[in-house]
Amino acid sequence: KFPLSVAFTPALSSFIMTVESEMFLQPPSSIDDNSLSNSLQFIEEMTINTDPVQERVITEILSQNGETEYLRRFELNGATDRETFKSKVPVISYEDLLPDIQRIANGDTSPILSAHPISEFLTSSGTSAGERKLMPTIHQEMDRRQLLYSLLMPVMNQYVPDLDKGKALHFLFIKAETKTPSGLVARPVLTAYYKSEQFKKRPFDPYNVLTSPNEAILCPDSFQSMYTQMLCGLIMRHEVLRVGAVFASGLLRAIRFLQLNWAQLAHDISTGTLNPKITDPSIKECMSKILKPNPELADFITKECSGENWERIIPRIWPNTKYLEVIVTGAMAQYIPTLDYYSGNLPKPCTMYASSECYFGLNLKPMSEPNEVSYTIMPNMGYFEFLPHDDSSPITLSRDSPPKLVDLADVELGKFYELIITTYSGLCRYRVGDILQVTGFYNTDPQFKFVRRKNVLLSIEADKTDESELQKAIENASELLKEFNTSVVEYTSFADAKSIPGHYVIYWELLIKESSNPPTDEVLNKCCLVMEESLNTVYRQGRVADNSIGPLEIRVVKNGTFEELMDYAISRGASINQYKVPRCVSFTPIMELLDSRVVSFHFSPSPPHWTPERRR
């Protein structure tokens, strides 16, 4: 199915199957040395032939979806070559696609974006008008995602031996899902994966044995799920070789959970009885086979957890841990110092680069330091293009003068790009919003450092708040100050990762025109809540359902603080004519200056409103 320039070895050719002219890697039914070798050889074949594979992918996508309503709008007339595709199909954002997505969500089953039926929507952590973006997907995409998962351990096995001799303590959770008016499910990509048959009925793989039973992972109650997963991890402490969660913040929440619940966990282990708060029938049934009285282990947990010193708690409790498996790139880098404290500086490999829109690639040097992580985009996962990016001169996209995009094989070392994708599910030349930098090449395949999400100002976990959204939240909260003849003169913010869970901190400088009638503490606390009510659904879900974000905090600073901030910036070389107040800060001297001027602290008194249902 590939051009002649792509030559497969005999061992590899038996490892590949073709499904409706689309290439997939068939995950092996069991992992052995031969299948590990096959996986590594597959990576070699893909990365040696980057451009031919990309050419084949776009041909397959256009052959499959060429008669969809979306592509027919651009009069490709049956063309499946990338030159015609690039000359006629525009680069788009989510807002451009929203009318088509709404039609699908409302029940239109005609082939609008994909020739295959849309099986469900994957909800992106990015938002549009305050709601999660809906990414259409097809059943075949689950196989493609499984393909990338199947490559992770063969790569890791090259760096960390004997991972098949123990288990992984991974804290994995499902999140709330909803249904569109047509009845299609809308849920996060990992929730879709954990609920899939590919996950629930996965074949035994000695490199991916979890301590957490499926029943715990699939429990919708976050407390019962976390409690059961932690309990199993403690019972199997000597078998654990790696500890992790999806995000660094998630692992820190698990540690905080242990700090708060170790006594009850130790009681359960000592007596062999399950906490009565665990009421899920499937969990109770599976734990009846796992939980047995073990007073010695309970005493050990009590000894380790009852003191105030939690430094190196992970290797103390799980002594055979070889590394932490968490995402610590991008916004998650802020959690590295805390992870190092709890883990004794254990390695923190970042293995995979993926999103709701598409799974992109993997880290071929997973044991590299977090600030050196680069991902190799696998050219068979989708068709990838790159928009040159320069913060000092942003490109304005226009259909009359479309930008010149760069193919995957043609990006230049050191340059910055915005990622543009075309997928089998029907996204065409779609702006993901990720800013990447080319750091090198593996064979002919470029490797990228994830720099940041475009326009994101604040992020604790999956939430992404941009400047316009923060500005709107502050405007809404400021309405409460009007009766006190008070206004917000200036503001800035930062994501506080030192608290668990992390939370947004907003610095306000106020102009109080009537000193005899300043806003009360109660009103300023309510301002925090109004801000939270104004933020997007991903943030509010993190606050309400996932408990991954703490209450928003406003710190009121002395008058003149932001002038001092400007003076400091100018002293470091900033131009007084071009200086703008940064809306998000992280530089330690600036943080110290702001905190030294704080006159009062205020927190949201209650969680904001959130339900899984989308706003109509």
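- Y227 does not carry K277 over the face of its six-membered ring by the limits of under 6.0 Å from the centre and within 45° of the normal.
- The side-chain tip of R145 points at the ring of Y359 from less than 6.0 angstrom away and within 45° of straight on.
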Can you list the steps and then say if N363 with T351 is a side-chain hydrogen bond (donor to acceptor under 3.5 Å, both in side chains)?
-> CA-CA 5 Å; N363 181 4; T351 57; over 6 Å; no
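- With sequence neighbours excluded, the residues satisfying side chain to side chain donor-acceptor pair (under 3.5 Å) with S499 are H503.
- Listed for the S571 side chain is a donor-acceptor partner under 3.5 Å among the backbone atoms of Y568.
- A salt bridge links R555 with E553; the closest basic N to acidic carboxylate O contact falls under 4.0 Å.
- Not a single side chain to side chain donor-acceptor pair (under 3.5 Å) links Q102 to another residue, sequence neighbours left out.
- Looking at F384, F360, F386, Y417 one by one, the single match for ring pair (Phe, Tyr, Trp, His ring centres under 6.0 Å) with F448 turns out to be F386.
- Remark: of the listed residues L122, L98, T123, L97, T123 is the sole one forming a side chain to side chain contact (heavy atoms under 4.5 Å, CB included) with L134.
- P347 meets the side-chain contact (heavy atoms from CB on, under 4.5 Å) test with Y323, P349, M367; sequence neighbours excluded.
- Salt-bridge formation is not detected for the pair E564/K558: no Lys NZ or Arg NE/NH1/NH2 atom is positioned less than 4.0 Å from an Asp or Glu carboxylate oxygen.
- Remark: R583 is positioned above the aromatic ring of Y491, its terminal NZ or CZ atom under 6.0 angstrom from the ring centre and at most 45 degrees off the axis.
- One N or O on the side chain of T321 and one on the backbone of W318 form a donor-acceptor pair closer than 3.5 Å.
- Applying the side chain to side chain donor-acceptor pair (under 3.5 Å) test to S604 and every residue at least two apart in sequence or in another chain returns E532.
- The local environment of CD in E514 is crowded, with over 12 non-hydrogen atoms from other residues, nucleotides or ligands closer than 6.0 Å.
- Taking a 6.0 Å sphere around CD of E311, one finds it holds more than 12 heavy atoms contributed by other residues, nucleotides or ligands.
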How far apart are the C-alpha atoms of F173 and Y194, what are their side-chain angles, what is the distance that settles it, and do they pass the ring pair (Phe, Tyr, Trp, His ring centres under 6.0 Å) test?
-> CA-CA 8 Å; F173 304 93; Y194 300 148; 9.0 Å; no
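- For S548, the side-chain contact (heavy atoms from CB on, under 4.5 Å) partners at least two apart in sequence or on another chain are R253, E461, D546.
- When side chains are defined from C-beta on, N485 does not count as touching N517, because their heavy atoms never get closer than 4.5 Å.
- With respect to the salt-bridge test (charged N to carboxylate O, under 4.0 angstrom), the residues D340 and K348 qualify.
- A distance-only check finds no donor-acceptor pair linking the side chain of E325 to the backbone of A245 [under 3.5 Å].
- Shown here are the side-chain contact (heavy atoms from CB on, under 4.5 Å) partners of E369, two or more places apart in sequence or in another chain: N371, E372.
- With hydrogens and angles ignored, the 3.5 Å screen pairs a side-chain donor or acceptor of T180 with a backbone N or O of A105.
- Of the listed residues (T302, L258, I301), just one forms a side chain to side chain contact (heavy atoms under 4.5 Å, CB included) with L265, and that residue is L258.
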